Asker: 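This is the structure I have questions about; it appears just below.
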Amino acid sequence: MSDSRSFLMQKPEEQLLACLKAYRLGQARAEQAALSAEDWRALYRLSAQQKLSPVVYETLYQTDDFCGGDEVLAAGWKRETVMQAMAQAMRTQKLLQLTGALDAAEVNYAVVKGILCRSLYEKSDLRTSGDEDILISRDDFPRCREVLLENGMRLSDADEQDDVTHWLDERTGLHVELHTALFSSKRREDAQLNAWFTQQLSDTVAVPVAGGAVRSLQHSDHFLFLVCHALKHFISGGFGVRTLCDIVSYAERYQNEIDHARVCRQLQQVNGRVFLDQIFAIGQTYLAFDMAACGWTLSSPADAQDMLEDCLAAGIYGQTSMSRRHSAALVLEAAEGGQDRPSILRAAFPPCQKLVSRYPVLQRAPVLLPVIWLRRLGSYGLEIVRTAGKGNSPGESISMGKKRTEMMIRYGIIPKNKAKNP
């Protein structure tokens, strides 16, 4: 991968990528680096942040120097791996029960992410999912609601008019996010994305998964969704290397069923084509992804080291530090406002329309906007005091926001010098 930018990858990060590569290829053991006792502890923490603890354990536990001889760490890691894999297997069976019931009730639905991504790997239950996402039409919501209740699911939030409702099975811990739109219908930037995917509910396909089959979007559409979903998280805070692995593995598995040209055209419309280039470049360098054999070519030079560094630091969805979460406001302001430089003032004092979904009172009383601004700033101040020394400061948020915005500009996600939207 030709890339003028580079960062000094630490041994735990190198080992994590080696483990992910071995897992993706179905290999029993990963190539092992020489790790110190502190490196092993750092690898354990990193794998937990990336939700890859079972994967790393499975590909390293047979090594002679596993955990550097730390028997307590090794035993705890093993226990967590077994428990997470067993819990995932139970949740998977419950999901298959639900989708079978939806099929019997003739509800048009499409499962996305989750089980579809797990099915890409030989030992699927080691690639755990925090929840399962199901897309339905709003017209089908009453019937789907009835099916979920009949099968022991409990509605865990109150507003059934939202784009997504959350359902929980207390016995297995399965959490289902039931979507009538995969992206927020309250954001005009997401209208095109929602139109692409909701229109495809009438043309779903059965996808084999461990223990059965589920219905999902056509593979071109599901692959496009995986990339767009990653893009949205990349802008708002980041995403982890597991998502990178899922995307390249999906491109490999369904290479003959993905309309490459159409996907590229659609990604171009949402400024995501260069973004996909960099995911493929990382996959090719670190995860044994053969881009040419899968029918893909780069539309731009490989320039992916900053993305890889960001993914390794971001955790699963950009939640590793308060500074990273707060820096997202700067990046989002630049992306949505069409500015090539983030504005601290605009991020701190966003307009009413950007806050109304979080503060519904503004819809009835816009005059309360200054009060909401003060409340937000006060909460942030208290958070800084409470988390002092734990990766949270205004200066760090601003620095990270600027760096990530510059990366978005290089990748064309934020078009340079674009005029501000009215």
Side-chain angles (χ1 to χ4, degrees), residues 3-10 13 49 187 189 230-241 243-244 270-279 281-282 300-351 353-355 358 373 376-385 387-421:
D3 192 342
S4 60
R5 296 175 178 83
S6 61
F7 71 100
L8 183 60
M9 197 185 307
Q10 303 299 310
E13 296 170 329
Q49 287 178 349
R187 290 164 50 90
E189 297 87 352
L231 177 61
K232 300 297 288 187
H233 278 288
F234 190 52
I235 295 171
S236 63
F239 62 90
V241 293
T243 296
L244 287 171
V270 294
N271 302 322
R273 181 65 183 93
V274 177
F275 172 74
L276 180 60
D277 286 342
Q278 309 318 317
I279 290 176
I282 293 170
S300 59
D303 179 20
Q305 287 298 315
D306 280 353
M307 178 187 281
L308 178 58
E309 181 181 15
D310 194 71
C311 290
L312 286 166
I316 189 65
Y317 281 133
Q319 301 295 305
T320 51
S321 72
M322 291 293 184
S323 289
R324 173 172 283 274
R325 291 201 286 274
H326 289 299
S327 74
L330 292 171
V331 182
L332 281 170
E333 188 280 325
E336 295 176 359
Q339 303 296 301
D340 60 9
R341 295 179 62 186
S343 166
I344 298 167
L345 284 176
R346 284 193 299 268
F349 303 101
Q353 62 267 28
K354 290 192 176 182
L355 292 176
R358 185 172 177 185
W373 284 342
R376 281 161 46 88
L377 291 174
S379 297
Y380 184 35
L382 289 173
E383 194 174 356
I384 290 170
V385 172
T387 60
K390 298 181 181 179
N392 186 28
S393 71
E396 187 176 350
S397 295
I398 293 167
S399 175
M400 188 179 299
K402 289 182 176 179
K403 179 179 179 181
R404 299 193 74 247
T405 299
E406 291 168 359
M407 178 170 56
M408 305 292 166
I409 293 169
R410 281 209 323 276
Y411 294 160
I413 296 168
I414 302 175
K416 191 171 179 61
N417 296 322
K418 176 184 172 184
K420 185 177 179 180
N421 291 330

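For this chain, numbers begin at 1 and follow the sequence in order. Predicted model, so just to flag it, every value in this text is computed and none were measured.
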Asker: How about Met9 and Leu308: do any of their side-chain heavy atoms sit closer than 4.5 Å?
Answerer: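 Side chain of Met9 against side chain of Leu308, heavy atoms only: contact under 4.5 Å found.
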Asker: To the nearest 0.5 Å, how far apart are CG in Leu244 and CD in Gln278?
Answerer: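 The CG atom of Leu244 sits 11.0 Å away from the CD atom of Gln278.
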Asker: Would you say that Lys403 contacts Glu309 through its side chain, given a criterion of any heavy-atom pair below 4.5 Å between the two side chains?
Answerer: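 They are in side-chain contact.
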Asker: Distance from Leu231 atom CG to Thr243 atom OG1, nearest 0.5 Å?
Answerer: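 Leu231 CG to Thr243 OG1: 12.5 Å, rounded to 0.5 Å.
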Asker: For side chain to side chain contact (heavy atoms under 4.5 Å, CB included), just list the numbers for Asp310 and Met307, CA-CA rounded to whole Å, side-chain angles, deciding distance to a tenth of an Å, and then say yes or no.
Answerer: CA-CA 5 Å; Asp310 194 71; Met307 178 187 281; 5.5 Å; no
Asker: Nearest 0.5 angstrom please: Leu312 CG to Gln10 CD, how far?
Answerer: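 Leu312 atom CG to Gln10 atom CD measures 10.5 Å (nearest 0.5 Å).
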Asker: Might you work through the ring pair (Phe, Tyr, Trp, His ring centres under 6.0 Å) test for Phe234 and Phe239, ending with a clear yes or no?
Answerer: CA-CA 6 Å; Phe234 190 52; Phe239 62 90; 5.7 Å; yes
Asker: Rounded to the nearest 0.5 Å, how far does OG1 of Thr405 lie from CD1 of Ile235?
Answerer: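 Separation between the atoms: 10.0 Å.
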Asker: Rounded to the nearest 0.5 Å, what separates atom CZ in Arg404 from atom CG in Asp306?
Answerer: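 The CG atom of Asp306 is 10.5 Å from CZ of Arg404, to the nearest 0.5 Å.
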Asker: With a 4.5 Å heavy-atom cut-off, do Arg273 and Ser300 have their side chains touching?
Answerer: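 Heavy-atom side-chain distance check fails, nothing below 4.5 Å.
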Asker: Start with the C-alpha gap between Tyr411 and Asn271, add the side-chain angles, then the distance that decides, and say whether side chain to side chain contact (heavy atoms under 4.5 Å, CB included) holds.
Answerer: CA-CA 8 Å; Tyr411 294 160; Asn271 302 322; over 6 Å; no
